[in-house]
Amino acid sequence: MSLRVVFMGTPEFAVPSLQALVEAGYEVAGVFTQPDRPKGRGGKVQQSPVKDYALAQGIAVYQPNRIRLDGVEDLRRLAPEICVTAAFGQILSQEVLDIPPMGTVNVHASLLPRHRGAAPVQWAVLQGDGETGVTTMLTDRGIDTGDMLLRCACPITEADTAGTLLHKLSYMGAELLVETLRRLEKGDCPREKQSEALSTYDPMLTKEMGLLDFTEGTQACLRRVRAMDPWPCAYAELGEGALKIWKTKAAEGNPSAAPGTVLWANDKQGLVIATADGGIELVEIQAPNAKRMEAKAFLRGHGMETGKLLHEVKL
RNA sequence: CGCGGGGUAGAGCAGUUUGGUAGCUCGUCGGGCUCAUAACCCGGAGGUCGAGGGUUCAAGUCCCUCCCCCGCAA
């Protein structure tokens, strides 16, 4: 007999975990996900990736605005033996946590107790961590504060962005989740309290966090670009509007130029901006209303004056 | 019906207001030049101007319909 599970999750990251449960033969009695919301251009209402998958599998979907308020009865009726959450986006009350007798297992995309919160991967990249990973844990009343079960680490390379890591970790998390449930069933799953002293909590990302500050060093700028990809995307202010910045690399600077100065802007050397301790080449950019492209390509069709501060440049 | 920008050579853009032989930068191919360069010079190839319809002697350009891409806001 396999466990009767209720799954709670919303974005792309959660889908592999749900899929792994289904494919491992668990009885997924129902799925909770965030309500459909207007999204994207045209304000069309869209449903979450988890809902897409659940519907395709013929699993019952529940979308309470606040599960702790109007989802309790539905959850109780589903009578799960265990609940699983993965990037659900809602906080569970004690009443909700008390429903499944075996508790609620959360798949969290960090090596806890570091990077609690909703954007663990992005913060790991932003702060220059050498590695990240996934941790399964027993959910309690706090945000990502419950006891840790299993974990799996993953190096952060120069080529990684928050997006690429999230993708890898979603599959890593799915495997780890199934192993966690198996061991919980057998009763030999390790369980460890989180060290409060080592814990960090990171806030959700905002668009403003994408703003590049060239008075920081080159490395900090490079990290921000990778951390904000694919959302909210790093950007620099222009004379008019914002220049989204998708890919960058370190470049030689000019000590006498103020941070933010356009050092080069041609299709041979590319677009290079001065930082506090060097320079940074904006390799792939996206101008307002334009599609994303290599900066060198952009410069073939647009002139850009050098020597000025980027935030004074008009396109 | 949320607001807005755009689809022109392999890439990035101009040209559309005022209809009249399709242009620029780069790449590419061939040739030349230099000790050398983000080189430079000469020459060539490469476009059903997103699709369809309409107006006109003539449409990239004006009118209608449709498709696709993107920015903002959520």
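Naming: A, B, ... by sequence-line order, numbering from 1 per chain. Quick caveat: nothing in here was measured; it's all calculated off a predicted structure.
Sorted by first then second residue, the salt bridge (Lys or Arg N to Asp or Glu O under 4.0 Å) pairs that include residues 11-33 of chain A, not counting sequence neighbours, are A:Arg4-A:Glu27. Residue pairs meeting the side-chain hydrogen bond (donor to acceptor under 3.5 Å, both in side chains) criterion with at least one member in residues 169-179 of chain A: none, sequence neighbours excluded. Within the structure, the ring-ring contact (aromatic ring centres under 6.0 Å, His included) test picks out no pair touching residues 68-111 of chain A (sequence neighbours left out). Legend: ring-ring contact (aromatic ring centres under 6.0 Å, His included) pairs involving residues 218-245 of chain A, not counting sequence neighbours: none detected. The list of salt bridge (Lys or Arg N to Asp or Glu O under 4.0 Å) pairs with a residue in residues 37-47 of chain A, not counting sequence neighbours, is empty. For residues 103-123 of chain A, the pairs satisfying salt bridge (Lys or Arg N to Asp or Glu O under 4.0 Å) are A:Arg114-A:Asp129, A:Arg116-A:Glu196, with sequence neighbours left out.
The existence of a salt bridge linking A:Arg68 and A:Glu95 is excluded, since no basic side-chain nitrogen approaches an acidic carboxylate oxygen closer than 4.0 Å. Salt-bridge formation is detected for the pair A:Arg77/A:Asp74: a Lys NZ or Arg NE/NH1/NH2 atom is positioned less than 4.0 Å from an Asp or Glu carboxylate oxygen. A salt bridge links A:Arg76 with A:Glu73: at least one charged nitrogen is closer than 4.0 Å to a carboxylate oxygen.
Taking atom CE on A:Met293 and atom P on B:rC69, their separation rounds to 16 Å, with Å as the unit. Between the CG atom of A:Leu243 and the P atom of B:rG12 there is a distance of 16 Å, rounded to whole Å. Atom CG of A:Leu271 is separated from atom P of B:rG12 by 17 Å (rounded to the nearest Å). Taking atom CE on A:Met304 and atom C1' on B:rU25, their separation rounds to 15 Å, with Å as the unit. Atom pair A:Glu281:CD and B:rA38:P shows a separation of 15 Å (rounding to whole Å applied). When rounded to the nearest whole Å, the span between CD of A:Gln34 and C1' of B:rA74 equals 15 Å. The CG-C1' distance, from A:Leu299 to B:rC26, rounds to 11 Å in whole Å. Going from atom NZ of A:Lys39 over to atom P of B:rC3 covers 21 Å, rounded to whole Å.
Counting any heavy atom pair closer than 4.0 Å across all strands shown, A:Gln286 reaches sugar-phosphate atoms only and no base atom. A:Gly241 comes within contact range of no nucleotide atom at all, as no heavy-atom separation falls under 4.0 Å.
Partner assigned to B:rG2 is B:rC72, using Watson-Crick or G-U wobble distances below 3.5 angstrom. Summarising the base pairing, B:rG12 is matched to B:rC24 through a Watson-Crick or G-U wobble pair whose two defining distances lie under 3.5 Å. Pairing of B:rG43, defined by two Watson-Crick or G-U wobble distances under 3.5 Å, is identified with B:rC29. Pair check for B:rU18 finds none; no Watson-Crick or G-U wobble contact set falls under 3.5 Å.
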| Tell me, for nucleotides 4-11 of chain B in 5' to 3' order, what letter each nucleotide earns: B for a base near a protein heavy atom under 4.0 Å, S for only sugar-phosphate near one, - for neither? | BS-----B
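Partners of A:Tyr62 by ring-ring contact (aromatic ring centres under 6.0 Å, His included), not counting sequence neighbours, listed by chain and number: A:Phe32. Checked against salt bridge (Lys or Arg N to Asp or Glu O under 4.0 Å), A:Lys244 has no partners two or more places apart in sequence or in another chain. Residues meeting the side chain to side chain contact (heavy atoms under 4.5 Å, CB included) test with A:Leu138, sequence neighbours left out: A:Val105, A:Leu149, A:Arg191.
Of all the residues in residues 245-267 of chain A, A:Trp264, A:Asn266, A:Asp267 reach under 4.0 Å from RNA chain B with at least one non-hydrogen atom.
For A:Lys244, taking side-chain heavy atoms from C-beta onward, the closest of the listed nucleotides B:rA73, B:rG12, B:rC72 is B:rC72.
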Contacts under 3.5 Å, N or O only, protein and nucleotides 35-37 of chain B:
none

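Contact check, A:Lys44 against B:rA73: no side-chain N or O comes under 4.0 Å of OP1 or OP2. The shortest distance between the side-chain N/O atoms of A:Lys207 and the OP1/OP2 oxygens of B:rA73 is below 4.0 Å.
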